[in-house]
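The structure appears below as structure tokens.
Since this is a predicted model, take the numbers as computed values, not measurements. To find a chain, count down the sequence lines: A is the first, B the second, and so on, and within it residues start at 1. Keep in mind that the numbers below use all heavy atoms, side chains included, and drop hydrogens, waters and symmetry copies.
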Amino acid sequence: MQQDPDLIARTANELVGDLNPQQAEAVQYRGPALLIGAGAGSGKTRVLTRRIAYILSQFGAWPSQILAITFTNKAAAEMRERLAALIGPVAERMWVSTFHSACVRILRRDGKSIGLDSGFSIYDTADCERLVKLIAADLNIDVKRYTPRAILSRISDYKNNLESWQDKLREQAPDYRPGQRGYQIGNPGNAEALYAVVYAEYQHRLAAANAVDFDDLIGRTVELLRRDPAVADYYRHKFRYILVDEYQDTNHAQYVLIRELAGVDAAKGMPALANMPYAGREGQAWITVVGDSDQSIYAFRGADIRNIQDFEQDFPNAKTIMLEQNYRSTQTILDAANAVIAHNEGRKPKKLWTALGKGEPIVGYAADNAQQEAAWIAGEIARLHGEENIAYSDMAIMYRANAQSRSLEEALINAGLPYQLVGGTRFYERREIKDAIAYLQGIVNPADDVNMRRILNVPKRGLGARAEAIVAGYAETNTIPFYAAIERLDSIEGVPTRTANQLRAFRDLMDGLRKFAADPANRPSDIVAEVLSKSGLLDELKKSEDPQDASRVENLSQLQSVAAEFEQNTPDATLAGFLETTALVADSDQLPGEGEDSGKVTLMTLHTAKGLEYPVVFLTGMEQGTFPHSRAMEDASELSEERRLAYVGITRAKRRLYVTRAAVRAQWGQANEMMPSQFLDEIPDGLIDWKRREAGVERMRANWSNGGFDDDEFGGWGDDDFGGTDIRRFDVRFGVARGIGIRFRVRIVWFDVRRLVIRLLLRFVRIVLRFVVRVGRASVRCRRRLALAWRFRDRLPVRFGRSLRIRLVIRQFVVRVELVVAQRTRHHAPCRAENTGSSSAAGTGAPRDNGLNIADFHVGDRITHDMYGLGTIVDTLDKGAKSVITVDFGSAGTKRLMLSRAPIEKL
DNA sequence: GCACCTGAAATTTTT
DNA sequence: TTTCAGGTGC
């Protein structure tokens with residue numbers, strides 16, 4: 001046994017005593033290759049951590065001999081945490097990480113032998129797209145026909161399958177030399193050749209910039225292991241036990257990586273390994289993979305389900321253990337999941353079971369539209385919280401695509417429920433953050449052309465496309481990096497004086513920053529602060545009048561906090577290390593860890609939800625075209641993947657599952673009728689308790705059909721449709737007017753009208769325009785006009801969010817006016833007084849308590865009032881439900897308002 | 001070089 | 001409905 005003070009040795013009984021027979025067998029199994037087929041909720045993380053502990057304390061392995069791989073940082077962190085609880089602080093010294101960060105670590109250490117300097121940059125999707133665009137421009141590629149995205153996805157496919165650019169070039173375009181200038185693609189119709197050329201050029205430029213993309217992290221590590229026997233030996237010697245979580249989501253490159261690391265093929269000639277009590281120090285490392293082929297939902301990203309299906313053939317002497325007892329959900333939920341997944345063909349039959357009993361039925365709800373669906377869910381959440389005392393953090397709302405989150409968010413805000421949205425636009429993808437990071441990358445890696453070119457004119461310093469082209473041309477002629485060309489500015493000919501001065505200033509700026517960063521006394525957060533102030537990024541945003549920029553400033557300061565936090569958690573924090581963590585974050589990493597109670601309802605996509613569980617789960621948007629997604633409905637294999645996604649979604653629920661759908665869903669402004677999802681039909685009818693089986697529209701439709709009417713006679717269901725009339729479409733736009741703090745952009749999007757009165761309406765439009773534009777200027781008189789406009793809210797479909805829509809109905813004509821209001825920071829779910837649960841009812845006329853809380857209002861706050869417009873609070877009076885605020889509305893006078901009744905909105 | 005205007009495209013899912 | 005990229009005029 002090892003004598004490691006940081007390791008708590010566990011007895012076999014401690015590790016398997018409380019497990020079921022299959023779990024115990026999996027933990028204790030001795031052999032070179034083990035596949036644990038772990039159904040949803042079967043305790044797989046538990047088995048994995050126990051097995052690691054078992055390997056350490058019973059096989060006598062060193063912690064450093066273990067490599068445990070997961071897909072997300074969060075999963076890795078959680079495993080490390082659980083391990084620490086089980087075996088002590090030694091867990092911190094083990095390699096428990098994602099594929100990507102493990103590879104970064106290997107490449108940083110040993111990448112030199114394949115030409116990667118250890119300070120390499122990691123390009124995210126946006127960076128890669130920029131690079132492809134640059135290449136496309138140089139090669140005269142028609143980006144309408146070949147979008148950078150499509151090219152990138154092809155390149156990604158090549159990489160996931162470990163097809164090298166050299167091979168592709170040899171096959172498709174043997175006359176091309178990467179880096180060659182003035183090359184014209186012979187036949188632009190030859191897509192394969194084009195992809196090959198761009199792929200080669202892309203890799204060439206990545207190499208020149210000392211950069212890699214996400215796929216390269218895996219692919220180049222494989223390359224390293226194959227090309228450098230010394231390196232391969234080192235890692236094969238080091239890692240004697242390799243464990244991989246979510247194995248069904250591995251792609252070919254990851255599969256090969258595991259094989260190479262374990263030395264499976266290198267060990268083939270060696271003496272037989274079977275019946276060894278532990279992995280030993282030579283030969284193939286022992287591999288444990290855990291996965292569930294029914295939860296494979298990343299095929300679109302190259303994951304190859306065959307990796308798990310063929311495991312037994314791929315690895316000699318492989319053993320499979322299936323875990324089918326579920327500890328998470330009720331039998332009803334499992335029955336639904338089993339029934340749905342059974343519709344997939346060609347899978348190994350598997351039936352999850354539980355000892356937890358039948359539980360509550362699944363609840364179904366068919367809404368008229370997305371807003372109503374969301375409102376009903378919000379009402380239900382309020383009810384569950386109020387009546388059944390279920391914590392908000394125990395409830396999650398899931399959907400197929402991020403775009404669906406908006407209506408749900410709005411409903412939760414309206415109902416005053418706290419929520420947290422996971423995913424969507426990520427922090428590190430925000431423009432201002434990317435700009436700041438680009439500076440940091442430029443400091444660490446001056447050869448990084450993509451990031452250098454990004455910041456050349458950010459913030460604006462008079463270095464436009466022209467200047468960039470001059471520098472880029474010089475760099476290309478001399479085959480030096482972009483920034484190196486700037487450093488040699490004086491030898492570039494034909495640079496206008498002004499441009500030269502600006503370039504010099506930029507060079508001095510970057511040099512200064514690099515010197516600052518090089519000083520060991522300056523920590524990453526100091527460097528971030530220095531970059532933000534010296535570059536002018538912060539100043540530009542602070543000066544800006546655009547209210548969105550205010551939140552950008554906040555984001556930048558948050559970046560600094562993140563850096564500071566990084567320093568706290570990392571012993572030798574370097575700037576490069578910080579950049580690495582920012583490059584490899586995932587959506588799910590924002591989720592609170594185990595045991596932390598956020599106190600909020602969680603909203604996320606089904607993909608993000610994988611691996612999580614909640615007592616109450618709402619599966620929303622159960623419609624054909626939404627889920628399964630329209631792009632996946634035709635192809636049988638893609639439909640199977642959608643079904644697996646449904647399986648994942650259903651099995652997230654522990655106690656209660658809700659399935660909801662909307663009969664009409666608007667996608668980019670167009671309302672569409674949606675059929676119920678086929679997955680709903682695949683759930684046995686008896687399991688679902690429908691609170692509302694048919695949407696209102698559908699019921700009406702059914703009635704009319706029964707009465708012998710044809711649907712068409714009633715025209716469409718769009719609310720702006722004048723069935724049968726001659727409809728003309730106009731698009732009148734008006735420019736931007738800057739108000740005080742708020743920017744209005746006004747445009748008449750379209751209006752429908754009978755041909756005869758077009759001219760009349762055009763005149764009307766002009767009036768409307770004048771009216772609204774004045775509002776934009778926010779002169780005193782116009783505040784009242786704005787107030788007038790706001791009064792339409794009650795009668796008309798108006799929505800709050802980034803934009804405010806107002807529809808004016810004048811006699812039988814419809815004119816839609818759109819006011820785009822750039823808001824200040826968006827407040828998520830303000831804390832309001834306790835919710836009665838009645839807020840789900842759709843707008844009924846009677847005035848009722850608006851749920852505003854006096855605690856949220858302070859003297860000096862800005863509000864808007866439906867009647868009086870914008871105003872400033874001059875006094876507040878706390879009298880509980882009868883609180884009164886006094887507001888100065890400028891020329892409209894100063895008013896005292898009953899808070900609970902006033903039609904006001906805080907800004 | 002920049003600000004503004006206009007048409008067109010976008011929504012699957014992500015390390 | 002929103003965002004983006006390319007074109008145009010100052």
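- Ranked by how close their nearest DNA chain B nucleotide is to the 5' end, A:E642 and A:G462 are led by A:G462.
- At the phosphate of B:dT11, neither OP1 nor OP2 sits under 4.0 Å from any side-chain N or O atom of A:R665.
- Under 4.0 angstrom from either OP1 or OP2 of B:dC2 there lies at least one side-chain N or O belonging to A:N457.
- To the nearest angstrom, P of B:dT14 lies 16 Å from CD of A:E129.
- Nucleotides C:dC4 and B:dT13 have their C1' atoms positioned 22 Å apart, rounded to a whole Å.
- The residue A:R644 sits apart from the nucleic acid: no heavy atom pair falls under 4.0 Å.
- Between the side chain of A:R631 and the base of B:dT12, no donor-acceptor pair of N or O atoms lies under 3.5 Å.
- We find that A:E638 and A:R631 are not joined by a salt bridge, their nearest charged nitrogen and carboxylate oxygen being 4.0 Å or further apart.
- A salt bridge between A:K434 and A:D127 is present, with a side-chain N of the basic residue lying under 4.0 Å from a carboxylate O of the acidic one.
- OP1 and OP2 of B:dT13 both lie 4.0 Å or more from every side-chain N or O belonging to A:T608.
- Stacking of A:H100 onto the six-membered ring of B:dT15 is not present when judged by under 5.5 angstrom between centres and under 30° between planes.
- Here the C1' atom of nucleotide B:dT12 and the NE2 atom of A:H629 are 4 Å apart, to the nearest Å.
- The shortest side-chain heavy-atom distance between A:Q420 and A:M604 does not fall under the 4.5 Å cut-off.
- Within the nucleic acid shown, A:D249 has no heavy atom closer than 4.0 Å to any nucleic acid atom.
- Residue A:F71 is in sugar-phosphate contact alone, with no base atom involved, counting any heavy-atom pair closer than 4.0 Å across all strands shown.
- Looking at A:R665 and A:E673, no side-chain N of the basic residue comes within less than 4.0 Å of a carboxylate O on the acidic one, giving no salt bridge.
- Between A:F618 and A:M398 the shortest side-chain heavy-atom distance does not fall below 4.5 Å.
- Rounded to whole Å, atom C1' of B:dT12 lies 15 Å from atom CD of A:Q624.
- Taking every heavy atom of residues 131-140 of chain A and every atom of DNA chain B, no pair lies under 4.0 Å.
- When each of A:T125 and A:R498 is assigned the nucleotide of DNA chain B with its nearest heavy atom, A:R498 is the one assigned upstream, toward the 5' end.
- A:N402 places its CG atom 10 Å from the C1' atom of B:dT14, with the value rounded to the nearest Å.
- Comparing atom distances between the A:A401 side chain and each of B:dG1, B:dT14, B:dT12 picks out B:dT12 as nearest.
- Between A:E468 and A:R453 there is a salt bridge, with a side-chain nitrogen of the basic residue lying less than 4.0 Å from a carboxylate oxygen of the acidic one.
- Between A:F71 and A:T250 the shortest side-chain heavy-atom distance falls below 4.5 Å.
- Looking at the side chain of A:F300, the nearest of the listed nucleotides B:dA3, B:dT13, B:dT11 is B:dT13.
- At the heavy-atom level, A:A467 lies under 4.0 Å from the strands shown only through sugar-phosphate atoms.
- Judged by centroid separation below 5.5 Å and plane tilt below 30°, A:Y298 does not stack onto the base of B:dT14.
- Among B:dA3, B:dT14, B:dT12, the nucleotide with an atom closest to any side-chain atom of A:K460 is B:dA3.
- Rounded to whole Å, the distance from CZ on A:R406 to P on B:dA10 is 18 Å.
- The nucleotide whose nearest atom lies closest to any side-chain atom of A:R149 is, among B:dT14, B:dT12, B:dT11, B:dT11.
- Note that A:R108 lies in the cation-pi zone of A:F120, set by a 6.0 Å cut-off to the ring centre and a 45° limit from the axis.
- We find that CE of A:M674 is positioned 13 Å from C1' of B:dT12, with the value rounded to whole Å.
- A straight line from CD1 of A:I122 to P of B:dT14 spans 20 Å, rounded to a whole angstrom.
- Rounded to whole angstrom, the span from the NE2 atom of A:H607 across to the C1' atom of B:dT12 amounts to 8 Å.
- Ion pairing between A:E641 and A:R644 holds under the 4.0 Å rule for side-chain N and carboxylate O.
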